[in-house]
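Here is the structure we will look at.
Proteins get letters first, then strands, A, B, ... in listed order; numbering begins at 1 in each.
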2 protein chains.
Amino acid sequence: MASGKKSVRSGFGATMSEVAERAGVTKMTVSRVVRHPEKVNPETRDRVTAAMAALGYVPNRLAGGLSAGSSGLVAAIVPTLRHSIFADTLEGIGDVLNEAGLGLFVSSSTYRSDVEESQIRSILERRPDALVLTGLTHTGATRELLRGFGIPVVETWETGDEPVDMAVGFSNREAAHAMTAELIRSGYRRIAFVNGPSESNERARHRAEGYLAAMREAGLPAPPIQIVNDEAAIRPETGARAIRLLMKSAPDVDAVFFTSDVFAVGAILACRELGVRVPEDMGIAGFHDLEIGRVVSPTLTTVHVPAMEMGRKAGHMILARLAGNRGASERYDLGFSIISRESTRRKH
Amino acid sequence: MASGKKSVRSGFGATMSEVAERAGVTKMTVSRVVRHPEKVNPETRDRVTAAMAALGYVPNRLAGGLSAGSSGLVAAIVPTLRHSIFADTLEGIGDVLNEAGLGLFVSSSTYRSDVEESQIRSILERRPDALVLTGLTHTGATRELLRGFGIPVVETWETGDEPVDMAVGFSNREAAHAMTAELIRSGYRRIAFVNGPSESNERARHRAEGYLAAMREAGLPAPPIQIVNDEAAIRPETGARAIRLLMKSAPDVDAVFFTSDVFAVGAILACRELGVRVPEDMGIAGFHDLEIGRVVSPTLTTVHVPAMEMGRKAGHMILARLAGNRGASERYDLGFSIISRESTRRKH
DNA sequence: GTGATTTATGATACCGATAACACAGGGGAG
DNA sequence: CTCCCCTGTGTTATCGGTATCATAAATCAC
């Protein structure tokens, strides 16, 4: 009822003009009080401030942004919000940006680059000041669109290749290589690898490459790679199913490296049920270093990734760029670390 | 370099006027093609569509929103993005809203209502079409601000009291009551309660009330309630520390009810270290039904909350309201359920 | 065949702010 | 005592769209 069709104003607070009128100045002066208070005479400023308070004035950034050509919004697209895998990255971005008065606009692409493309399209309609993406895999149209728009873009969670603009991440290939080498060092030989669908993102592909390279370097044959294809089924049960299949199809496997802790934890539980001892009969390793891997028993060996740090760095890179600091290094490799826990600690 | 100070246009695509010129029409016709294609002659429409494609036109919603009086944005504030406690709710909101073409603007309040207030203030500057909050605890200024603005507001994760506008949640009081009763039914008698700081939100307070009521009804004395005050330290270690303190200060405690699985899981690990058997010597119960509680051993008894469902429902409530359907029920109790697992399964 | 409708498009005014420049008054330099 | 510059505020144009009403052409009824 209150929200008639005609008026934008229904229910909304005062406009800048109304504040101006009440304070006996023009809206330009009000605008200055809001954005450059030091340029306004203290007495005038007080009068304006009082008028704003009295009217409950809340500036309209749609209008301000339209006029100034900046929305004060940074958009981020992550594959999913669940499992805090990427949520930590978002927290990092948000922390940094909020301090600078920028807002964070979030959407999740469900791991699909076509979804990502349509999301980017609708995000660009809001004229964000910058964009944060996950990974380097984007459709051709996406890359073109982004280049055309010319706003800062930070790709996260991977390094290398050719970023659209800036990138902050770590080498998924090296991480998988290091973990595989760690398993080999622990005495495992028939090491299987369970991956998410690698067509959909380069992180999965690079991890597979790292795994294969490490096996090859050690002169070990790589048991068939198992691909978990269930869409969006990032659940422990998926890992449990994978390891059961694996043990059936390749009974001599003595370790499995999963590309997510979520899967690995499910595998540990499945092993317990099946009476397979971890780490003695079967080594299990994961990826991401989620809390879940610290509380399962045996505790999970995993790859720690700098999730929040990537977010914070992305935020800082954006701020620097918006402040005009082009140049400087715009690609960061934040590294990773291997967390060795009980699930691969073979008692020789 | 490309982004000069003066021009909004640098690097950005064409404007509606440019599209119009190229198609030999006025921008009004272009606007119609974008929003009400059926009202435009098919031939004209094709010409306009072609012009848009040729110029890579991306509409500017800041401008459209300013003119039309709606930003197409819904803002949500959650205490944190970590642990997927609230992330699931966000996914639910996002799912529903995205389909309707609305964007989701996210921020996290770190469990503080003063932070929430300042965030709401800056969020309102973006003139969201609706707002989703977590819980019913807000500062007076917040409530006033929201009422003044008159946009739909959905409060989630709790029911009862007086919502600012609409609410969807469950009864934290009843949930805690039910869990406490469940512990009593399982044979525990000296049941302690570990809570987050209850001044900061009503969920914690209501849970404490539910616990106390259940104990009183069973004629049991309530051991001192332990408050976890560490700011933002929602980590298993916090729960571990809490139960160690508790066992020292009240050695006869035979069960502990934590208001988060994160704490409860830490307690289970601490018990294992201390040689305290769970569930025989000590029952442990949590809240939230996180994945972490399903993989710990013994598995964790907990309260399942409809996190994603609340989000979806909130989304639908907003859509209904925006579509003009005022009235109808605007308060929903989505319930909870007690998930009884090993951590309280006493073998009598 | 003429007036009444409908369909398709244009003209105008505005949404609520900001940028850029104009301008009045006060203070210091010479 | 001028001239010049600085400070503080107002004026004007514009950002990129949308709402509303006007208008021309096409369709219709009788």
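With sequence neighbours excluded, the residues that form a side chain to side chain donor-acceptor pair (under 3.5 Å) with B:Thr139 are B:Glu117, B:Thr142. Every residue two or more places apart in sequence or in another chain was checked for a salt bridge (Lys or Arg N to Asp or Glu O under 4.0 Å) with B:Arg32, and none qualifies. Scanning for salt bridge (Lys or Arg N to Asp or Glu O under 4.0 Å) contacts around B:Glu309 gives an empty result, with sequence neighbours left out. Among residues two or more places apart in sequence or in another chain, the side-chain contact (heavy atoms from CB on, under 4.5 Å) test is passed with B:Ala75 by B:Phe105, B:Ile123, B:Pro128, B:Leu131. Looking at residues two or more places apart in sequence or on another chain, you find a side chain to side chain donor-acceptor pair (under 3.5 Å) between A:Asp88 and B:Arg82. Scanning for side-chain contact (heavy atoms from CB on, under 4.5 Å) contacts around B:Ser118 gives an empty result, with sequence neighbours left out. A search for salt bridge (Lys or Arg N to Asp or Glu O under 4.0 Å) contacts involving A:Arg61 returns B:Glu125, not counting sequence neighbours. By the side-chain contact (heavy atoms from CB on, under 4.5 Å) test, A:Lys313 pairs with A:Val168, A:Met317, A:Tyr332, A:Leu334, sequence neighbours left out.
Remark: C1' of D:dC15 and CG of A:Leu66 are 4 Å apart, rounded to the nearest angstrom. For the pair B:Glu38 CD and C:dA8 P, the interatomic distance rounds to 10 Å; values are reported in whole Å. Here the P atom of nucleotide D:dA19 and the NE2 atom of B:His36 are 6 Å apart, to the nearest Å. A:Asn60 places its CG atom 6 Å from the C1' atom of C:dG16, with the value rounded to the nearest Å.
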Under 3.5 Å, which N/O atoms of the protein pair with N/O atoms of nucleotides 10-13 of chain D?
unit_1 : atom_1 : unit_2  : atom_2 : d
D:dG10 : OP2    : A:Thr26 : N      : 3.1
D:dG10 : OP2    : A:Thr26 : OG1    : 3.0
D:dG10 : OP2    : A:Thr29 : OG1    : 2.6
D:dG10 : O6     : A:Arg32 : NH2    : 2.7

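Using a distance-only test at 3.5 Å, with no hydrogens or angles considered, a donor-acceptor pair links the side chain of A:Arg126 to the main chain of B:Gly72.
Under 4.0 angstrom from either OP1 or OP2 of D:dG17 there lies no side-chain N or O belonging to B:Ser31. Of the side-chain N and O atoms in B:Tyr57, one or more sit less than 4.0 angstrom from OP1 or OP2 of D:dG17.
Each of B:Leu62 and B:Arg35 was matched to the nucleotide of DNA chain D holding its nearest heavy atom; the match closer to the 5' end belongs to B:Leu62.
The side chain to side chain donor-acceptor pair (under 3.5 Å) analysis of residues 89-99 of chain A, with sequence neighbours excluded, yields the pairs A:Thr89-A:Trp157, A:Glu91-B:Thr80, A:Asp95-A:Arg312.
Using a 4.0 Å cut-off between charged side-chain N and carboxylate O, B:Glu21 and B:Lys27 make no salt bridge.
Listed by residue number, there are no residues of residues 39-50 of chain B with a heavy-atom contact under 4.0 Å to DNA chain D.
Helix bend of the helix from C:dG1-D:dC30 to C:dG30-D:dC1: the angle between its two end axes, each built from five pairs, comes to 30° after rounding to 10°.
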